[in-house]
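One-based numbering, in listed order, for ligands and for the atoms of each. Treat the numbers as computed from the prediction; the structure is a model and nothing was measured.
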Amino acid sequence: MKKKVVSFLVSGRGSNFTVVAKKIISGEIDARLGVVISDNGKAKALEIAPDFGMGSFFVDPALYSSRKDHEIAMEKLLNEHRTDLVVAAGYMRILSPYFVGKFRGRIINIHPALLPSFPGAEAQNQALKYGVKITGCTAHFIDEGTDTGPIILQAAVHIHEEDTLTSLSVKILREEHRILPLAVKYFCEGRLKIVGKSVVIK
Ligand code: GAR
């Protein structure tokens, strides 16, 4: 089977991107690295990408008159790098139905909560404020909704009384770094099948 090309959309620190890229470099994930695209010129991930021999691009949303035009620019870069899988690794912008349609079943997102609980921004804070005792993270395919796409993997994290936003985020991130590479690995091995709302792992 031809190796899949994995590209990344990022907005910030890029720790999830780094973990996945390292596993591709080491061969633990049988894939090739594509390109890194950010909507934030200051994203740390843009600085890290060349360390992996990857091109990194800041596609500034302010330069485009519509969300679709911004996404068309990203789509062009992704296609130029023959992207098979797009990983939204801390990408903080909602992708439009146009973009989702272009990469249907080929965009994986990592979200810091146990979906369908706490979708959208600041999921760790939402969980703390709600007072749930268990939260976690979800690797899922992106569909047209906000964090509503078919779930690939989830991991649970206990919330203790002494937990703060920082301590909880660290615990969740540790699990993100475990399940996101696994979801990417399964995709690249052709083991994920979307059946309705579910993902079957073969
Ligand atoms: C991660 O916690 C990820 O789950 C979250 O942003 C962080 C990015 O960290 N994503 C979202 O909240 C998306 N709605 P990273 O840049 O170090 O990977």
- Task: Please name all residues satisfying salt bridge (charged side-chain N to carboxylate O under 4.0 Å, His left out) with Lys3, sequence neighbours left out, ordered by chain then number.
- Result: Asp30
- Indicate yes or no: at least one non-hydrogen side-chain atom of Leu115 is less than 4.5 angstrom from one of His140. yes
For [atom], what is the nearest protein heavy atom, given as residue, atom name and distance?
atom: atom 16 (O) of ligand 1; value: Gly14 N, 2.7 Å
atom: atom 13 (C) of ligand 1; value: Met92 SD, 3.8 Å
atom: atom 12 (O) of ligand 1; value: Pro112 CD, 3.4 Å
atom: atom 8 (C) of ligand 1; value: Gly90 CA, 3.6 Å
atom: atom 3 (C) of ligand 1; value: Glu176 OE1, 3.2 Å
atom: atom 14 (N) of ligand 1; value: His111 ND1, 3.7 Å

- Message: If the test is side chain to side chain contact (heavy atoms under 4.5 Å, CB included), which one of Leu182, Leu180, Leu192 qualifies with Ile152?
- Response: Leu192
- Query: Going by atom types only, do Asp143 and Thr148 share a side-chain donor-acceptor pair under 3.5 Å?
  - Reply: yes
- Item | Test item: side-chain donor near acceptor, Tyr98 and Glu75, under 3.5 Å | yes
- Item | salt bridge (charged side-chain N to carboxylate O under 4.0 Å, His left out) evaluation trace for Glu47 with Lys44 | CA-CA 5 Å; Glu47 289 170 36; Lys44 184 99 195 310; 5.2 Å; no
- Query: With only distance considered, is Tyr91 within less than 3.5 Å of ligand 1 through an N or O on each side?
  - Reply: no
- Are any of the N or O atoms of Ser15 closer than 3.5 Å to those of ligand 1? yes
- Query: Which hydrophobic side chains are connected to Val195, either touching it within the sub-4.5 Å cutoff or through other members that do?
  - Reply: Val200
- Taking only heavy atoms of Arg13 into account, list the atoms of ligand 1 that are under 4.0 Å away from them. 9 (O), 15 (P), 16 (O), 17 (O)
